[in-house]
Amino acid sequence: MSLDDLPTPCLLLDLPILKRNIARMAAAIARHPGLVLRPHLKTAKSAAVAQLVAPGGGPITVSTLAEARYFAAHGFRDQVYAVGITPSKLDAIAALNAEGGQVRIITDDLETAQAIAAHPGRLPTLIEVDIGEGRAGVAPDSDALLAIGAALGAKLAGVLSHSGHSYAGRSEAAMAELAEVERAGIVLAATRLRAAGHVVRIVSAGASPTAMYAAHLEGVTEMRAGVYMMGDLLQAQLGVHPLEDIAVTVLTSVTGRYPARNAVLVDAGALALSKDRSTEAAPRDWKFGRVLDAAGQPSLGDAMVVRVHQEHGEVRAAEGGTLDLDRLKVGTRLRIAPNHVCLTAAAHDHYHVLDETGRVVAVWDRVNGW
């Protein structure tokens, strides 16, 4: 099957690039003896991708109950469900674990910890620790950490942090510094819990930038990273992978040409691309996505999607440039590299997988929803 056979818009996954990205992160993790990579599948949401990045059934990280069930059904039972658990979901997790799963949950709430401890099911739990992101978690030096640990008792499995604020870094040194702040914070939390008499087996940290650039990770048992597999414009600008190693693009078709403003419209709009401009403050602002030719090459120069409506994207050249409208006739196929691949991919229920020749060699499903 060729790209001309596909409906647009649709999601493309370049298999050789995916494999390069996986190998690059594996090499970064291998710098730290004994450290385990627990890849986050919240972006990929695909068992076929999981088989490449976590062969043998895990360990993996998930972000929804739907993902937990889907990956368990595909043999990936060693999971961390890395979103704060609610009491209403405890029965579902306990059922997965009763069927042979090893799904660990997280909390930063004392009352939820008490509910977990009182539940008859197997519910190994990590305490979420905030090491600077300011999204969720208790401080590593807080009384709340010890109170939650005491409430969990035997169900305490470890501690978990996420350095999402590392995405604000714009140099390797800055991201390495943030990685050390996270390492020190999460290890402090584990040390305090152990001093209080608790068994803390898992010390889980990470994000793609810090996993790539951490100088050392003493005391951390595992790193969670996920976006690195697929890549996007922000990850490229952070140096997680080269700009050309974005594995996921959206195939789109030109639907109109407008010489007066030197622009074309395509049939990939906000629903196919998302409205996330995660690179707006970065050295290069690609607006709503970088536009490539059908072969995935930047032969259009610095063309980008400058505006999106629900089903329309407007493509223009970068400031000072021009588009060759004679080349961009209605029906011309283009590819758009996303700013934030997690949100872009979430609009699609499968990948069209490309080999090194650019032909479609497989269709891989994704699990969406919650």
Side-chain angles (χ1 to χ4, degrees), residues 1-14 17 230-234 236-237 242-341 343-355 357-360 363:
M1 186 183 296
S2 74
L3 297 186
D4 291 336
D5 299 318
L6 300 179
T8 58
C10 68
L11 202 61
L12 304 180
L13 174 57
D14 191 307
I17 295 177
M230 303 307 189
D232 56 27
L233 291 168
L234 177 58
Q237 293 190 344
L243 184 59
E244 62 270 18
D245 275 2
I246 297 175
V248 169
T249 53
V250 174
L251 182 69
T252 188
S253 298
V254 174
T255 60
R257 295 186 291 175
Y258 305 92
R261 62 179 189 265
N262 193 233
V264 300
L265 289 183
V266 295
D267 61 3
L271 292 184
L273 299 173
S274 91
K275 283 191 172 182
D276 197 334
R277 286 183 58 179
S278 57
T279 61
E280 189 168 2
R284 187 69 169 94
D285 180 6
W286 294 102
K287 308 296 184 184
F288 297 98
R290 185 188 192 202
V291 180
L292 307 169
D293 61 27
Q297 299 302 311
S299 63
L300 301 173
D302 287 337
M304 63 187 71
V305 179
V306 298
R307 185 169 54 155
V308 289
H309 304 274
Q310 184 167 325
E311 301 293 353
H312 297 78
E314 181 172 339
V315 175
R316 296 192 189 191
E319 186 173 353
T322 58
L323 291 179
D324 181 358
L325 297 189
D326 289 337
R327 178 183 172 189
L328 298 173
K329 300 181 185 301
V330 170
T332 300
R333 298 295 175 101
L334 300 172
R335 289 163 67 173
I336 300 171
N339 280 314
H340 184 183
V341 67
L343 295 190
T344 297
H348 305 264
D349 60 9
H350 57 273
Y351 301 100
H352 296 279
V353 182
L354 309 181
D355 67 7
T357 71
R359 290 189 61 82
V360 181
V363 176

_Validation row: M304, F288 side chains within 4.5 angstrom (heavy atoms)_ = no
*Residue pair R307 / V305, side-chain heavy-atom distance below 4.5 Å*: no
*Would you indicate whether the side-chain heavy atoms of L3 and L12 approach each other to under 4.5 Å?*
yes
*Run the numbers on L300 and D324 for side-chain contact (heavy atoms from CB on, under 4.5 Å), then give the verdict.*
CA-CA 8 Å; L300 301 173; D324 181 358; over 6 Å; no
*Side chain to side chain, V360 and D5, heavy atoms closer than 4.5 Å*: no
_Here's a test for you: under side-chain contact (heavy atoms from CB on, under 4.5 Å), which of V248, V250, T249 qualifies with V341?_
V248
*What do the steps show when you test I17 against I246 for side-chain contact (heavy atoms from CB on, under 4.5 Å), and what is the final call?*
CA-CA 7 Å; I17 295 177; I246 297 175; 6.0 Å; no
*Rounded to the nearest 0.5 Å, how far does CH2 of W286 lie from CD of Q237?*
8.0 Å
_side-chain contact (heavy atoms from CB on, under 4.5 Å), that's the test. Do D4 and R333 meet it? Break it down for me._
CA-CA 8 Å; D4 291 336; R333 298 295 175 101; 4.0 Å; yes
*Knowing that exactly one of T252, T8, L251 qualifies, which makes a side-chain contact (heavy atoms from CB on, under 4.5 Å) with L334?*
T252
*If only atom types and distance count, is the side chain of D267 paired as donor or acceptor with the main-chain N or O of S253 below 3.5 Å?*
yes
*Would you call Y258 and L325 a side-chain contact if the rule is heavy atoms closer than 4.5 Å?*
no
_Side chain proximity check, L6 to M1, heavy atoms < 4.5 angstrom_ = yes
_Backbone N/O of L273 and side chain of T344: donor-acceptor pair under 3.5 Å_ = yes
_Flag side-chain contact, heavy atom, 4.5 Å: L271 against E311_ = yes
_Any non-hydrogen side-chain atom of E314 less than 4.5 Å from a side-chain atom of R261?_
yes
*asked:* If you count heavy atoms of other groups shown closer than 6.0 angstrom to NE2 of H312, is the number above 12?
replied: no
